[in-house]
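Because the structure is predicted, anything quoted here is derived from the model rather than measured. Both backbone and side-chain heavy atoms feed into the values below; hydrogens, waters and symmetry mates do not. Atoms within each ligand, like the ligands themselves, are counted from 1 in listed order.
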Amino acid sequence: MINPQVFRQYDIRGIVDEDLNEESYYLIGKGFGTYLRRRGLSTIALGGDARLSTPALKKAFIQGALETGCNISDIGIVATPVLYYAIWKLGTDGGAMVTASHNPSQYNGCKLNLGLGSVYAEELQNVLKIIQAGEFATGRGELACLNIDEDYIGYIVSGIKLERPVQVIVDGGNGMGGPYLPEILRRLDCEVIEMYCEPDGTFPNHHPDPTIEKYMADLSRAVVAAEYELGIGLDGDGDRIGVVDEKGRMLVGDQILNILARDYLAQNPGKTIIADVKCSKNLYDDIRKRGGIPMMYKTGHANIKMKMKEEGVEFAGEMSGHVFLADRYLGFDDAIYVSARFIEIVSKTKAPVSSYLADQPKMYNTPEIHIKCADDRKFEVVAQVCNEFKTEGYDVNDIDGARITFSDGWGLVRASNTTPVLVTRYEAESEARMNEIRELVEGKINKYL
Ligand SMILES: [Zn+2]
């Protein structure tokens, strides 16, 4: 049987041989194949990342899915956005990507897609239910192996126009973005230095997570030493971006979004931009100031992709480095493409990257602070805190937990969808005020913990 714990909110993930093995992937293949067949669908694009466990697990998935009568296009070892691209390009009904994103090497997992949308939350649970019931569709599907890399690279290169060559260092984190981004940038005539761009599933240099400062430290030093214009870091499967400026300072997710948003609004006046609840007030204010309409939405790449489609929005992003562009692109979170768009912006000016947001008011904010809270308690605690703030007349946005807005700052508390923690973040115009807001919110959290 299968360990139900590995079916999380947005994807399947666990430690190989402890939580997940070939038998599990065989069942996931059968379950997902059946899920598609019950909808009258039958084609799957399949990819996997460079983890050492991936080839065997992928093979087991293929066997299971073929036995349900689904046809599989196996595009090999790729970045997650290349799999999304294949779903679009080949027009397959579904997609499956064997990956554990930025998790350490002993992990693996699987992201499932229905068209370009994620199979997540209840729908992912439905796949689990099919497996638990053991009632699988039967048939004999066909397997085709193909390489779509050149097609993908060519598609991105043809959509980007640089006004001058840019000097950039790419840190692939030994993940799956490395084989793509430097090649794309060289074809765009950039000067590129590669760091850790060979995929290596043991991640010998650092965890491939470009939102964590310590994992960006090598890149920061390299950019300063080479006197280059910027550095770009990618996560393990290439769907999240991190940036450091020419001074080696890391831009956080909402700053990357802010720079992209200014460019987008200059070309597309008055448009709506979606950002998640963790993002800075500066981002929302700036979108408004430039004539755009900011829409605050729930954290989670699958939620955001769905909301974009529902609202017909072309640009969205998250603090976590997932950025979604349907403007001139296909709408999914592709950090390789987003990197190229960022560099297109850099090419439009000679000003240093560190100056782009220099006109923004100085805000003091915390990173995400996690407070341990059991899975069966966390949503209740957040609801109680939210309710108390509302009762006391505060300005509360409850789209995802509670974001309490003050005239000079805000505080956020939400339940993580993936781990037993409450996620909090605070921001204000002064450090003292930030700490005050933090104390106020934490005081209420502690009452209900
Ligand atoms: Zn990822």
task: Could you count the protein N, O or S atoms found under 2.8 Å away from the Zn ion (ligand 1)?
output: 4
Assess whether a salt bridge exists between [X] and [Y], defined as any Lys/Arg side-chain N lying under 4.0 Å from an Asp/Glu carboxylate O.
{"X": "Asp333", "Y": "Lys305", "value": "yes"}
{"X": "Arg13", "Y": "Asp11", "value": "yes"}
{"X": "Arg240", "Y": "Asp235", "value": "yes"}

query: How are the rings of Tyr152 and Tyr85 set to each other: parallel, tilted or perpendicular (split at 30° and 60°)?
result: perpendicular
message: Ring-plane angle category for Tyr215 and His207, please: parallel below 30°, perpendicular beyond 60°, tilted otherwise.
response: perpendicular
Pairs meeting criterion salt bridge (charged side-chain N to carboxylate O under 4.0 Å, His left out) with involvement of residues 24-34, two or more places apart: Lys30-Glu67
